[in-house]
Amino acid sequence: MANSYLKSESKKLATWYFTVAATLFGAQLLFGLVAAIQYVMPGFLFEILDFSVARMLHINALVVWMVFAMFGSVYWLLPDETGIETVGIGLGKLLFWIFTAAVTVVVLVYIFVQVGPADETSIWFIHEGREYIEAPRWADFGITVVALGFVANLFMTGMKGNRSGIVTVLMADMIAFAGLYLTGMFYTDNISVDQFWWWWVIHLWVEATWEVFVGAIAAYGLITMIGAHRKVVEMWLWIEVSMLFGSGILGMGHHYFWIGTPEYWWEIGALFSALEPLPLVAMFIHVLYDWGKMQGEQDAQGKEISVITNRPAFTWFVLNAFGNFLGAGIWGFFHTLPQVNLYTHGTQFTSAHGHLAFFGAYATILVGMMYLAVQGKNGIKILHNTRSTIFATSMIVGGVVGMTVALTIAGYSDVIISRAQMGATWAGSRNGMETINGYHYICRIPILS
Ligand code: HEM
Ligand code: HEM
Ligand SMILES: [Fe+2]
């Protein structure tokens with residue numbers, strides 16, 4: 001790979017991570033498309049790549065590309081923040097290849113083997129059957145080693161170089177991020193216990209550690225792209241971190257309403273998850289306020305008001321502020337109270353929220369980081385938006401918004417027919433099948449179709 005403008009090995013490694021991430025993002029969309037076609041044409045690729053397999057590939061690729069892009073982002077910003085080259089970069093590169101090879105093998109097994117016998121061999125060598133993080137156990141151990149190596153690099157660099165607020169937050173956050181993965185690895189045949197721990201990874205990742213990561217990246221982006229004052233940005237960061245952990249950790253109760261966990265989770269989940277949108281409002285204000293303030297300062301000095309050094313990246317960072325707030329904050333809040341969740345649980349409404357939240361909170365800012373890498377790699381002083389960046393951005397944002405609206409409407413019809421009118425009964429779900437989103441059920445329960 002030609003990296004002529006990059007002096008730092010850490011930044012080179014970051015571009016490798018971003019390249020794999022972008023490729024997996026493409027794969028994610030491809031398998032999402034297959035699953036979507038199967039909604040309308042249930043026979044499409046039947047017994048070749050069934051809905052269950054396409055869906056698994058779609059959402060596992062989602063998680064993995066985001067983790068790759070997160071590692072890439074950290075390797076990208078470390079030399080800037082610490083003022084030194086990343087310590088242990090050779091190890092970092094080796095782990096990158098191990099990670100990429102493991103992911104390739106896992107994906108090939110998903111595609112070509114798909115299912116195994118219902119015993120330990122499947123868990124070890126095919127997949128674990130845990131939504132979003134289905135990697136078989138051999139790969140789980142590999143991923144754990146890779147994650148520990150990554151955290152070690154981050155720590156060694158942070159200890160040796162300048163430890164900014166951003167780096168300190170990332171150090172704490174990434175330890176939690178790696179540690180939580182372990183809670184999704186062990187086996188129990190009690191489905192309630194299994195779900196209880198599985199949410200520790202899924203929920204505590206996206207609603208605690210990943211959100212804190214986004215706060216740190218947003219802070220870095222604001223300093224890099226518009227020259228925001230570090231003191232102000234890092235003050236916001238600490239406020240956001242405490243609010244995110246404060247609400248996100250016990251907010252996990254919103255997944256403990258109906259899985260057999262004690263009923264006190266209703267109150268805990270309701271209260272803390274209802275507070276979760278607050279830090280997202282803070283992050284929204286943070287980005288837009290700092291931007292406005294910097295422009296005002298430039299204006300007062302008689303300079304041109306636009307001080308953005310990478311417009312495509314900045315566009316994606318602003319989209320992140322909106323998307324995080326809407327997808328996670330508003331769409332999440334909609335169904336987070338047990339009184340509402342009783343009706344919306346497991347309907348298309350969940351999918352509407354899942355799409356807008358993952359896209360709005362994470363895809364956006366990670367694509368933004370990729371644009372920063374494109375700029376750095378090619379030695380561009382100021383990166384402008386072009387027709388193709390504007391076209392691409394509008395198409396993908398328009399697509400996700402369109403999907404969210406459609407899924408929300410489908411969610412309403414689910415709620416009315418399968419829940420409000422007929423209760424959560426077998427007849428209710430059968431009746432729901434005859435509506436516009438009927439194929440969804442037929443695909444999921446092929447035995448009935
Ligand atoms: C960026 C952050 C977030 C992401 C990526 C995200 C993503 C998701 C996804 C993918 C699901 C479906 C999980 C499944 O397959 O069962 C889900 C469920 C849920 N989310 Fe979020 N979410 C985020 C933040 C929030 C917030 C802030 C709230 C509340 C204010 C919230 C409330 C819920 C609830 C109540 C459910 C359960 C839905 C059900 O009953 O099936 N989420 N989330
Ligand atoms: C070409 C665009 C896409 C298509 C056609 C598509 C289609 C689908 C389909 C058909 C499902 C299965 C829903 C079900 O279980 O009934 C799904 C699930 C999901 N997709 Fe997508 N998707 C696309 C893009 C995305 C993007 C960009 C993201 C996030 C960045 C995303 C995140 C998810 C998540 C989190 C789920 C699981 C939702 C849940 O079970 O609640 N998808 N998608
Ligand atoms: Fe959650």
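Read the numbers this way: they start at 1 and go in the same order the structure lists the ligands and their atoms.
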Peer 1: Measure from the ring center of Trp65 to the ring center of Phe68 and say whether it is less than 6.0 Å.
Peer 2: no
Peer 1: Under 2.8 Å from atom 21 (Fe) of ligand 1, is there any N, O or S atom belonging to His203?
Peer 2: no
Peer 1: What atoms of ligand 1 come within less than 4.0 Å of a heavy atom belonging to Gly346?
Peer 2: 41 (O)
Peer 1: Going by the atom numbers of ligand 1, which of them fall below 4.0 Å from some non-hydrogen atom of Glu211?
Peer 2: 1 (C), 2 (C)
Peer 1: Hey, is Trp331 touching ligand 1 through its side chain, its backbone, both or neither, going by heavy atoms under 4.0 Å?
Peer 2: neither
Peer 1: Using 30° and 60° as the class boundaries, would you call the ring planes of Phe186 and Trp197 parallel, tilted or perpendicular?
Peer 2: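 Perpendicular.
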Peer 1: Using a strict 4.0 Å cut-off to heavy atoms of Ser273, name the atoms of ligand 1 that fall inside it.
Peer 2: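 Near Ser273, the atoms of ligand 1 are 29 (C), 30 (C).
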Peer 1: Work out whether the distance between some heavy atom of Tyr132 and some atom of ligand 2 is less than 4.0 Å.
Peer 2: yes
Peer 1: Look up atom CG in Leu30 and atom CG in Leu24, then write down how far apart they are to the nearest 0.5 Å.
Peer 2: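 Reported value, rounded in 0.5 Å steps: 12.0 Å.
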Peer 1: Need the ligand 2 atom indices (1-based, order shown) with element for anything under 4.0 Å from a heavy-atom of Arg55.
Peer 2: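 Once the distances to Arg55 are compared, the set is 12 (C), 14 (C), 15 (O), 37 (C), 39 (C), 40 (O).
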Peer 1: Distance under 4.0 Å to a non-hydrogen atom of Gln28: what atoms of ligand 2 satisfy this?
Peer 2: 25 (C), 26 (C), 28 (C), 29 (C), 31 (C), 32 (C), 42 (N)
Peer 1: Looking only at heavy atoms, is any part of Glu276 under 4.0 Å from ligand 1, and if so is it the side chain, the backbone, or both, or is it neither?
Peer 2: side chain
Peer 1: For atom 15 (O) of ligand 1, which of Met66, Gln195, His353, Glu131 has the closest heavy atom?
Peer 2: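 Of the listed residues, Glu131 has the closest heavy atom.
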Peer 1: Between Thr350 and Thr344, which heavy-atom pair has the shortest distance, and what is it?
Peer 2: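 For Thr350 versus Thr344, the nearest heavy atoms are OG1-O, 3.8 Å.
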Peer 1: Against heavy atoms of Ile59, which atoms of ligand 2 measure under 4.0 Å?
Peer 2: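 Answer, ordered by atom number: 19 (C), 34 (C), 36 (C), 37 (C).
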Peer 1: Please name the atom of Glu207, limited to N, O or S, that comes nearest to the Fe ion (ligand 3).
Peer 2: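 Distance check against the Fe ion (ligand 3) picks out OE2 in Glu207.
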Peer 1: Check each atom of ligand 2 against the heavy atoms of Ala36 and keep those under 4.0 Å away; list them by number with element.
Peer 2: 5 (C), 10 (C)
Peer 1: Would you please determine whether Trp205 falls within less than 4.0 Å of ligand 1 on a heavy-atom basis?
Peer 2: no
Peer 1: Can you say whether the rings of His127 and Tyr110 are parallel (under 30°), tilted (30 to 60°) or perpendicular (over 60°)?
Peer 2: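 Correct class here is perpendicular.
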Peer 1: Would you call the rings of Phe359 and Trp316 parallel, tilted or perpendicular if under 30° counts as parallel and over 60° as perpendicular?
Peer 2: perpendicular
Peer 1: Short list, please: which atoms of ligand 2 are under 4.0 Å from a heavy atom of Phe359?
Peer 2: 29 (C), 30 (C)
Peer 1: Is it the side chain, the backbone, both or neither of Tyr39 that has a heavy atom closer than 4.0 Å to ligand 2?
Peer 2: side chain
Peer 1: Below 30° counts as parallel, above 60° as perpendicular, anything between as tilted: where do the rings of Phe71 and Phe99 land?
Peer 2: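 Phe71 and Phe99: tilted rings.
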Peer 1: Provide the number and element of each atom of ligand 1 under 4.0 Å from a heavy atom of His255.
Peer 2: 18 (C), 19 (C), 36 (C), 37 (C)
Peer 1: Heavy-atom contact check, 4.0 Å cutoff: does Trp210 meet ligand 1?
Peer 2: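 Per 4.0 Å heavy-atom rule, Trp210 does not contact ligand 1.
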Peer 1: If you count the atoms of ligand 1 from 1 in the order shown, which ones are under 4.0 Å from a heavy atom of Phe333?
Peer 2: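 Near Phe333, meaning under 4.0 Å from one of its heavy atoms, ligand 1 has 29 (C), 30 (C).
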Peer 1: At under 4.0 Å between heavy atoms, is it the side chain or the backbone of Val206 that contacts ligand 1, or both, or neither?
Peer 2: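 Both backbone and side chain.
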Peer 1: Below a 4.0 angstrom heavy-atom separation, can you tell me which part of Met403, side chain or backbone, both or neither, approaches ligand 2?
Peer 2: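 Side chain only.
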Peer 1: As an exercise, identify every atom of ligand 1 less than 4.0 angstrom from a heavy atom of Gly354.
Peer 2: 9 (C), 10 (C)
Peer 1: Should you measure from each heavy atom of Glu207, which atoms of ligand 1 turn up under 4.0 Å away?
Peer 2: 21 (Fe), 22 (N), 23 (C), 24 (C), 25 (C), 26 (C), 28 (C), 31 (C), 42 (N)
Peer 1: Which ligand 1 atoms are under 4.0 Å away from a heavy-atom of Ala361?
Peer 2: 1 (C)
Peer 1: Relative to each other, are the rings of Phe196 and Trp265 parallel, tilted or perpendicular (30° and 60° limits)?
Peer 2: perpendicular
Peer 1: Would you find a donor on one side and an acceptor on the other, under 3.5 Å apart, between the side chain of Tyr17 and the backbone of Trp76?
Peer 2: no
Peer 1: Any N or O on Thr350 sitting closer than 3.5 Å to an N or O of ligand 1?
Peer 2: yes
Peer 1: Considering just N/O/S atoms, say which atom of His203 is closest to the Fe ion (ligand 3).
Peer 2: ND1
Peer 1: Between Phe177 and Phe213 (judged by ring centroids, cut-off 6.0 Å), do the two rings come close enough to count as a pair?
Peer 2: no
Peer 1: Under a 3.5 Å distance rule, please check whether Asn324 uses its side chain to pair with a backbone N or O of Ala321 as donor and acceptor.
Peer 2: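 No.
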